[in-house]
There are 2 protein chains.
Amino acid sequence: MSVVMEKGIKEKFRMSGYTLTSQRRAVLEALKASKGHPSAEDVYLLVKKKNPRVALGTVYQALSVLEEIGVIDSKHWSESPTRYDLNLEEHLDIRCRRCGQVSEVPNVGLGDLESDIRRNTPYEVTRTMLVVEGVCPGCRGKEPAAR
Amino acid sequence: MSVVMEKGIKEKFRMSGYTLTSQRRAVLEALKASKGHPSAEDVYLLVKKKNPRVALGTVYQALSVLEEIGVIDSKHWSESPTRYDLNLEEHLDIRCRRCGQVSEVPNVGLGDLESDIRRNTPYEVTRTMLVVEGVCPGCRGKEPAAR
DNA sequence: TCGCAACCAGGAATGATTATTAGTTAAATA
DNA sequence: TATTTAACTAATAATCATTCCTGGTTGCGA
Ligand SMILES: [Mn+2]
Ligand SMILES: [Mn+2]
Ligand SMILES: [Zn+2]
Ligand SMILES: [Zn+2]
């Protein structure tokens, strides 16, 4: 299975002091395999296929370590569990309110927004993110359903 | 107590078919009294002062009716309960990651972002919102704490 | 090989929110 | 006005995502 783990990832583990355990590796593999924006539950289901003994809590813990050391990112829409992403580039993701699928929206940037904000609030701004929802082509016309 | 309820609000209730009950009125008053961006729990606490018999579930239900008929708005940040707002204008709110306080940021608009997004995704876009976090002036320098 | 610290499985706990249910009010009808 | 009917609400249980806790395991350096 498991393709060689990229150098950068090993490096990030080394720098952080965390160890690259088999569970953490499995979570990363699952993330790759899913080729999308899976939830912790999705990852858990995938990981369990290879190793039925992993616990959901372990997956959460692994995801949080991976995010902490900068190997993955997470995004959150209300009314949906947090989604995880291997794509570390700053980019926009849109979530289908019917089926929950998350897809990337290319060529959209925040432009001057960040600086506009900083100029208009006494807060020290630490995070600015665009949350976008819609209906995916596959769900158009269909009944409102789950997720 | 209770100042005369604005005409527009009564009208929205009339149009919707919902009745303006004392509980719903109390929730609205609490929202006014709080002069901020309270959570359902905050509203509940305020409402209970005047009428200790209201249930938290009733507050949630009242808030959802009020939002449905367009009398209030709600916004959501991850790691925090939903906040409610009497300000129906499109505007930006920033939340302090230390104390949870939410304040408005004037003079910031999405500009061409919406159309940029529509042009770059096959999804039918239904909602675009900016979620901004920071540290408020009061919390600057202090220890990271709660909420 | 021993000892320690990091890890992890399993399960309990938490926090926000929604669902259910049976009783209460209020409007509508006769 | 008495009766019917629908809307509303308190209390409480249930749900969902996520975190916390605990005792057992593992890897590794001394
Ligand atoms: Mn993405
Ligand atoms: Mn506001
Ligand atoms: Zn869809
Ligand atoms: Zn603050």
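Model, not experiment: these values are computed from the prediction. Quick note on labels: first sequence line is chain A, next is B, and so on, each numbered from 1.
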J.: Within the 3.5 Å criterion, strictly below it, is a donor on Gln23(A) or Thr58(A) matched to an acceptor on the partner's side chain?
T.: no
J.: Please list each protein N or O that sits under 3.5 Å from an N or O in nucleotides 24-28 of chain C, with the distance.
T.:
none

J.: Take atom OH of Tyr18(B) and atom C1' of dA7(D), then tell me their distance rounded to the nearest Å.
T.: 11 Å
J.: Indicate yes or no: at least one non-hydrogen side-chain atom of Val132(B) is less than 4.5 angstrom from one of Val105(B).
T.: no
J.: Rounded off to whole Å, could you give me the CZ-to-P distance for the Arg53(B) and dC8(D) pair?
T.: 19 Å
J.: Taking only heavy atoms on the protein side, list every residue of residues 56-76 of chain A lying under 4.0 Å from any atom of DNA chain D, sorted numerically.
T.: Leu56(A), Tyr60(A)
J.: Checking His91(B) against Asp85(B): is there a side-chain donor and acceptor pair closer than 3.5 Å?
T.: yes
J.: Looking just at side-chain N and O atoms, do Ser39(A) and Tyr84(A) make a donor-acceptor pair shorter than 3.5 Å?
T.: no
J.: Does a donor on one side chain sit under 3.5 Å from an acceptor on the other, for Glu67(B) and Ser74(B)?
T.: yes
J.: Can you confirm whether Leu86(A) sits close enough to Asp73(A) that some side-chain heavy atom of one is under 4.5 Å from a side-chain heavy atom of the other?
T.: no
J.: Please list, pair by pair, any protein nitrogen or oxygen found under 3.5 Å from a nitrogen or oxygen in nucleotides 22-30 of chain D.
T.:
none

J.: Do the side chain of Thr19(A) and the main chain of Thr21(A) share a donor and acceptor less than 3.5 angstrom apart?
T.: no
J.: Using whole Å, report how far CD of Glu79(A) lies from C1' of dT18(C).
T.: 12 Å
J.: Categorize Glu41(A) for me: base, sugar-phosphate, or nothing, with a 4.0 angstrom heavy-atom threshold over every strand shown.
T.: nothing
J.: Quick one: Tyr84(A) OH to dA17(D) P, roughly how many Å, whole number?
T.: 12 Å
J.: Does a donor on one side chain sit under 3.5 Å from an acceptor on the other, for Tyr123(A) and Gln101(B)?
T.: yes
J.: Once you round it to whole Å, what is the distance between C1' of dC8(C) and CZ of Arg24(A)?
T.: 9 Å
J.: Please report, rounded to the nearest Å, how far the C1' atom of dA16(C) is from the OH atom of Tyr44(B).
T.: 14 Å
J.: Nearest 0.5 angstrom please: Ile94(A) CD1 to Glu133(A) CD, how far?
T.: 8.5 Å
J.: Got Trp77(B) and Asp93(B) here, is their nearest side-chain heavy-atom distance under 4.5 Å?
T.: yes
J.: Consider the side chain of Val54(B), meaning its heavy atoms from C-beta on, and name the nucleotide among dA10(D), dA17(D), dT9(D) that approaches it most closely.
T.: dA10(D)
J.: Do the side chains of Asn87(B) and Glu104(B) get nearer than 4.5 Å, heavy atoms only?
T.: yes
